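Provided herewith is a single structure, encoded as C-alpha cells, for subsequent inquiry.
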Amino acid sequence: MTTPHRRIPGPAMSSTPPPLWDRRAVLAGGAALVGGFLAGCGANTGRDGGAGGAPARTASATGPNLSQWYHQYGEAGTLDAVRRYAADFKDAQISITWKPGDYDNAVAAALQTDSAPDVFEYANGPTADMIVAGQVADLTDLIGPARTDLDPALLKRFTFQGKIWAIPQVIDLQVLVYRRSMLDKAEVLPPRTMDELVAAVDKLGTDKVKGLFLGNDGGAGLMGAPMLRSCGADLLTPDGKIAFDRPAAVSALAVLHRWYADRKVLLGAPNDWFSPDAFTQGLTAMQFTGMWTLPQISKDIGDDFGVLPWPAMPGGKAHVPVGAYGACLRAKGAHLDVAKKYAAWLWLDSVDRQVEFATAYGLHVPARAAAVDKAERLRDGPAGEAVRLLRQYGVPQDHILWTPACQSAFHDMMVRVVNKGADPAAELAALKGPVAAELRRFPS
C-alpha cells in the first residue's frame, strides 16, 4: 500500500518517486533520506484523503481521544479502510490524519512538540535519534508471543539496544523480474548468479531493447546496498560497524558503472524503477523493482514473466531487500496504555484485517506469517514465488544506525562512482569518515 505501492524504506535506494509513491519509499531508501526520497511518498496524489492533514474522526467509540497519522497512500480504498479500522476500535476515539507532502519531516518535527501523534507509521520503524531522544515507546512486551510469527528480517530492523520499537504493518520487497519470452528467444536462462546476469545483460541487449533496467540513473540511487550484499559486504554489520569497506565492494560497484557507461542498462525510460512501464512495454528484458508492480505486470503481459532474488557474486549471497512501515507510539502520550492496546488490536490481533490491508488495495505481504498463509493472492504464480523468495532470501534494506546523513553521503558517493566514473576504492575509503562520525553518536 504505497503509492505506486507504498514505499518501503530501503537503504541505498534513493531515486525520488513521483507523487504516487507510498510504500515504495520504504524499499527505496525511505529510511535513508528523510526529507528526500521518503518525502516523496507522502506527496499529494489528488486522491480523496484529507489533503492538508484534516483529521477524520470516528463517531461510535468511547474512552480517551487518540491521534493517528498515516502518510498519504496512493492506493484507492486505503483511506476508507484505515478510517473503518479506527471506527471499529471501541476503547478510544481515534482521530485519523492523512498527511500529504513531506511526511517524514512532519513526524520528526511533531515529535518535538506537544502535538505529536499518539500513534504513527514510519518507514522501517523509528530512527535511532527518535529512540535515544525518548520520543517513541518500547513495544517489546506488546509484541510478546507474536514475535515468532513476524518476519525476522523486519523485527531485526526494528530492534535497537535489544528492544523492539515498532510493529511491522505490512512487508514490501524488491525482486528481479524477467520476461520469459525474451529470455527464451535469446536462449538465456534466468540468471542465478551475478556472472550469469552480466552475461544475460550483454546477450539480451539490442538497439531497441536493453537487457536490464535499474532506474533512469543506472542504479546509482537504487542498487548500492544490493550490490554490496551481492559481493558479501553490506552497509553496516549486524552490530552496527562499517561493512562497505570490503575489497569485493570495489568490483561490485564497478559493475554498475560499466553497465551505465557502456549503455548496457536502460536509461531514460518513461517511468522509473518503481513502475513496471519499461518492462511491460518491452523496453527491457529484466528489471529490479517492487513486488507491488506484479499485478500490473500480470494484467499487461499475462504469465510471460518470472521473479528472482538479486543474484550473488562469489563470496556473497542472493537476497531480497525487505522493508515496511512500522507502527510507532509516542512515548509521552497521555494515554499510552490505550494506544498500545489499539496498536496491538490493529496490527497483531486480527489476521483478516492484515490480509485485507496488505492485499485488497495493492499487493504486499502481511507481517504475520499466519496472515500470509491466509492470503489467497499470495498463494500462486509470481506473487507466491515472491513470498517464497522473501522467506528464503529476505534481508532488511538497511540498519537502524544507517542514518539520513549516512544515506546522503552514500548516495552522493554512488552518483560519483556509477554516473561519473569515480574510483570506487577511493570513494568507499572516503565514505568511512562521515559514516563513522554518525555511528559515534550512538552508544553501543
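The first residue in the sequence is number 1, and the count goes up from there. A quick note: this is a predicted structure, and the numbers were derived from the prediction, not measured.
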Q. Which is it for Ile143 and Thr140 under the side-chain contact (heavy atoms from CB on, under 4.5 Å) test, yes or no, and what are the steps along the way?
A. CA-CA 5 Å; Ile143 290 175; Thr140 308; over 6 Å; no

Q.
Given 3.5 Å as the limit, does a donor-acceptor pair link the side chain of Asp151 with the main chain of Ala153, or not?
A. yes

(Q) Could you tell me if the side chain of Val82 sits less than 4.5 Å from the side chain of Leu346, heavy atoms only? (A) no

Q) Around Lys332, counting heavy atoms of other residues, nucleotides and ligands shown, do more than 12 lie under 6.0 Å from its NZ? A) no

**Q.** Full working for side-chain hydrogen bond (donor to acceptor under 3.5 Å, both in side chains) between Trp69 and Glu121
**A.** CA-CA 7 Å; Trp69 283 17; Glu121 63 178 9; over 6 Å; no

**Q.** Donor-acceptor pair between Tyr178 and Gln287 side chains, under 3.5 angstrom
**A.** no

Q. Are a donor atom and an acceptor atom from the side chains of Tyr70 and Gln68 found within less than 3.5 Å of each other?
A. yes

Q: Establish, for the pair Arg258 and Tyr260, whether the NZ or CZ atom is under 6.0 angstrom from the six-membered ring centre and no further than 45 degrees off its axis.
A: no

(Q) For a 4.5 angstrom cut-off between non-hydrogen side-chain atoms, does Val320 reach Gln174? (A) no

Q.
A side-chain contact here means heavy atoms from C-beta on lying under 4.5 Å apart; do Leu401 and Leu236 qualify?
A. yes

Q.
Under a 4.0 Å threshold between the charged nitrogen and the carboxylate oxygen, would Asp304 count as salt-bridged to Arg180?
A. no

Q) For Gln407 and Trp402, does a side-chain donor sit closer than 3.5 Å to a side-chain acceptor? A) yes

Q: List the steps and the verdict of side-chain hydrogen bond (donor to acceptor under 3.5 Å, both in side chains) for Thr193 and Asp195.
A: CA-CA 5 Å; Thr193 68; Asp195 287 342; 5.3 Å; no

Q: Could you tell me if the ring centre of Tyr325 sits under 6.0 Å from that of His71?
A: yes

Q | Minimum-distance pair of heavy atoms, taken over all atoms of Phe213 and Ala278 | A | CD2-CB, 4.0 Å

Q) Ignoring hydrogens and geometry, is there a side-chain-to-backbone donor-acceptor pair from Arg377 to Val355 under 3.5 Å? A) no

Q. Sub-3.5 Å donor-acceptor pair from the side chain of Lys208 to the main-chain atoms of Gly282, do we have one?
A. no

Q) Would you say Asp239 has more than 12 foreign heavy atoms packed within less than 6.0 Å of its CG? A) yes

Q) Donor-acceptor pair, Ser275 side chain versus Asp272 backbone, under 3.5 Å? A) no

Q. Hey, are the side chains of Leu431 and Ile242 touching, using non-hydrogen atoms and a 4.5 Å cut-off?
A. no

Q) Counting only heavy atoms not in Arg147, do more than 12 fall under 6.0 Å of its CZ? A) no

Q: Can you see which heavy atom on Arg229 is nearest to which on Asp398, and at what distance?
A: NH2-N, 3.9 Å

Q) Hey, are the side chains of Phe410 and Leu228 touching, using non-hydrogen atoms and a 4.5 Å cut-off? A) yes

Q.
Using only atom types and a distance under 3.5 Å, with no angle test, would you say the side chain of Asn124 pairs donor to acceptor with the backbone of Ala324?
A. yes

Q. Val322 versus Val395: any side-chain heavy-atom pair under 4.5 Å?
A. no

Q | For the student: nearest non-hydrogen atoms of Leu253 and Gly224, plus distance | A | CD2-O, 4.4 Å

Q: Compute the centroid of each ring, for Phe288 and then for Trp310, and state whether the two points are separated by less than 6.0 Å.
A: yes

Q. So among Tyr103, Tyr361, Trp98, Trp292, which one has a ring pair (Phe, Tyr, Trp, His ring centres under 6.0 Å) with Tyr73?
A. Trp98

Q: Please examine the side chains of Val387 and Val365, heavy atoms only from C-beta on, and report whether any two atoms are closer than 4.5 Å.
A: yes

Q: Over all heavy atoms of both residues, which pair between Ala343 and Leu142 is shortest? Give the atoms and the distance, please.
A: CB-CD2, 4.5 Å

Q.
Keeping Gln169 on the side-chain end and Trp347 on the backbone end, is there a donor-acceptor pair under 3.5 Å?
A. no

**Q.** NZ/NE/NH1/NH2 to OD/OE distance under 4.0 Å, Asp129 and Arg441
**A.** yes

(Q) I'd like to know if Asp380 pairs up with Arg388 as an ion pair, taking the criterion as any Lys NZ or Arg NE/NH1/NH2 lying under 4.0 Å from an Asp or Glu carboxylate oxygen. (A) no

**Q.** Partner of Arg416 by side chain to side chain donor-acceptor pair (under 3.5 Å), out of Glu427, His257, His411
**A.** Glu427

Q) Which heavy atom of Ala200 sits nearest a heavy atom of Met286, and at what distance? A) CB-CE, 4.0 Å

Q. Is a side-chain donor or acceptor of Thr284 paired with a backbone partner of Phe279 at a separation under 3.5 angstrom?
A. no

Q) Side chains of Leu256 and Met414: closer than 4.5 Å at any heavy-atom pair? A) yes

Q. Considering all heavy atoms of both residues, which atom of Leu428 and which atom of Ala249 are nearest to each other, and what is their separation?
A. CD1-CB, 3.8 Å

